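Contents: one structure, followed by commentary.
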Amino acid sequence: MTTVCLVRHGETDWNAEGRLQGRQDTELNENGRKQAKLAGIHLKNEQWDAIVTSPLKRAKETAQIIATELGIDHLDEMEQLV
């Protein structure tokens, strides 16, 4: 059986301001980095084999922070997730 977990990127300044980002390539803010770390800590309770991410900065940084927590050293990027 395959288990999939969808995680939205952490907060950006645009999120905090209530602005829509769409495909704009905004970065995480400090709160977003904390959120990603907490998500990674929470996800440690399960076994994960891979992380797939959008190539957008906010998604990749979120994925990388989670990957670090999980001990996963490779991210798979999918342009289709933009």
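Computed from a prediction, not measured in an experiment: that's the story for all the values here.
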Taking the side chain as everything from C-beta on, heavy atoms only, tell me whether L28 gets closer than 4.5 Å to E11.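 L28 does not reach E11 side chain to side chain.
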
With distance as the sole test, does T53 use its side chain to make a donor-acceptor pair with the main-chain N or O of A59 at under 3.5 Å?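 Between the backbone of A59 and the side chain of T53 there is a qualifying donor-acceptor contact (under 3.5 Å).
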
Main chain of L43, side chain of W48: is a donor-acceptor contact present, judged purely on distance under 3.5 Å?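 Yes; judged by distance alone, with no hydrogens or angles, the pair exists.
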
Euclidean distance, [Y] [atom2] relative to [X] [atom1], rounded to 0.5 Å:
{"X": "L70", "Y": "I65", "atom1": "CG", "atom2": "CD1", "value": "12.0 Å"}
{"X": "T12", "Y": "Q24", "atom1": "OG1", "atom2": "CD", "value": "11.0 Å"}
{"X": "E61", "Y": "E27", "atom1": "CD", "atom2": "CD", "value": "7.0 Å"}
{"X": "L56", "Y": "T62", "atom1": "CG", "atom2": "OG1", "value": "10.5 Å"}
{"X": "I41", "Y": "K37", "atom1": "CD1", "atom2": "NZ", "value": "5.0 Å"}

Kindly give the heavy-atom pair with the smallest separation between K57 and T26, and that separation in Å.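 Between these two residues, the closest heavy atoms are CB-O, 3.8 Å.
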
Show which side-chain atoms of residues 72-82 pair as donor or acceptor with protein atoms under 3.5 Å away, not counting sequence neighbours.
{"unit_1": "H74", "atom_1": "NE2", "unit_2": "D76", "atom_2": "OD1", "d": "2.8"}
{"unit_1": "E77", "atom_1": "OE2", "unit_2": "K60", "atom_2": "NZ", "d": "3.2"}

What pairs with D13 under side chain to side chain donor-acceptor pair (under 3.5 Å), at least two apart in sequence or on another chain?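 Side chain to side chain donor-acceptor pair (under 3.5 Å) list for D13, sorted by chain: N29.
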
Distance-only check: which donor-acceptor pairs under 3.5 Å involve side-chain atoms of residues 2-10, not counting sequence neighbours?
{"unit_1": "H9", "atom_1": "NE2", "unit_2": "R58", "atom_2": "NE", "d": "3.3"}

